[in-house]
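In listed order, ligands and their atoms are each counted from 1.
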Amino acid sequence: MILKVGPCAMSLKTKKIEVNSRQMAYFDCGDGPVIMFVHGFPLSKQMWRAQLDALQDSYRVLVPDMPGFGESECVDGDAVTMRQYADHLIQFLTKIEICEPISICGLSMGGYVVWELLDNYPDRIDQVVLCHTRAANDDETVARGRRIQAQSVLQNGTASLIEGMIPKLVASQASDSLRAEVQQIMMTASSCGVAQALGGMSTRKNFMNETNSLAFDTLVIAGKNDTITPPKEMQEMARYLKGARFQLIDDCGHLSPLEQPQVVNQLLREFLRKP
Ligand code: MLT
């Protein structure tokens, strides 16, 4: 696939590699210290194009599609836990011979995966960016809702889930073209990938009581109009993370990298250790 925007994107091609006996698709662009971006649900690596474009002159930017999303194949199983996604990412990094600590940026579900990376692979991580995510797990009502959604997606496909999600993902003032772009990205998710992620999110670990012991240089990004991960909850989470910086972005819902790419790029440039 060849993308249409920006200098890097002009020549950017999706790479593929076998991880856990499945094809995993990713972008790998630029040179320098490594930063890896982990997309939210039910999105893909395409949501980070503006960040890839902005950072690839100073950093090596890795952007995988999680199993079952974008162009990556599904793995086996009814559900994929956040820990399994984290293991998958570590196997991916090892396979492409990146064993030194890297910076990691996760959005929402990507953030849930980041907690597992910090908990289980602290030696592989340097700086951390958490966008629109939470440390707490699902309560039983939310978890049950996800299990019902997973069944429905497997039986009827992803269309109605996608339709229901768009208004919640972006701020009300978002343009029609941004909404269309988000929809297009979500339409590449497979039913098996979506159902597996729903199952995995419904049983994820509660990291709320562990944030204090996870000592990483961290930037927390919230959107003023985010109704999925409200800024108040994110600010509370940031308070428990030792020395974390908290940034609230105006005119922004749940998807700051797409809704306010210039602001996010600027925050990343200021935060990330210089090459
Ligand atoms: C996401 O954006 O990844 C989802 O909103 C996460 C969730 O459903 O908890």
Heavy-atom distances under 4.0 Å decide this one: backbone, side chain, both or neither, for [X] against ligand 1?
X      : value
His132 : neither
Met201 : side chain
Arg146 : side chain

Inset, instruction - Indicate yes or no: does Arg49 engage Asp53 in a salt bridge with an N to O separation below 4.0 Å. - result: no
Inset, instruction - State whether the number of non-hydrogen atoms from other residues, nucleotides or ligands found under 6.0 Å of Phe271 atom CZ is greater than 12. - result: yes
Cluster question for you: counting only ILVMFWY and a side-chain heavy-atom cut-off of under 4.5 Å, with indirect links fine, are [X] and [Y] together?
X      : Y      : value
Leu117 : Met208 : no
Val38  : Ile228 : yes
Trp115 : Ile125 : yes

Inset, instruction - Give the atoms of ligand 1, by number and element, whose distance to some non-hydrogen atom of Ile228 is under 4.0 Å. - result: 5 (O)
Inset, instruction - Please identify which atoms of ligand 1 are closer than 4.0 Å to at least one heavy atom of Gly40. - result: 3 (O)
Could you identify the single nearest non-hydrogen protein atom to [atom] and state the distance to 0.1 Å?
atom                   : answer
atom 6 (C) of ligand 1 : Ser108 OG, 3.1 Å
atom 9 (O) of ligand 1 : Tyr112 OH, 2.5 Å
atom 3 (O) of ligand 1 : Phe41 N, 2.7 Å

Legend entry - Residue pair Thr94 / Arg124, side-chain donor-acceptor N/O under 3.5 Å: yes
Inset, instruction - Output yes when the distance from some N or O of ligand 1 to some N or O of His254 is under 3.5 Å, and no in every other case. - result: yes
Legend entry - Geometric N/O contact Met165 with ligand 1, under 3.5 angstrom: no
Inset, instruction - Evaluate the side chain to side chain donor-acceptor pair (under 3.5 Å) criterion for residues Gln262 and Gln266: first the C-alpha distance (whole Å), next the side-chain angles of each, then the deciding distance (0.1 Å), finally the verdict. - result: CA-CA 6 Å; Gln262 318 296 348; Gln266 185 60 27; over 6 Å; no
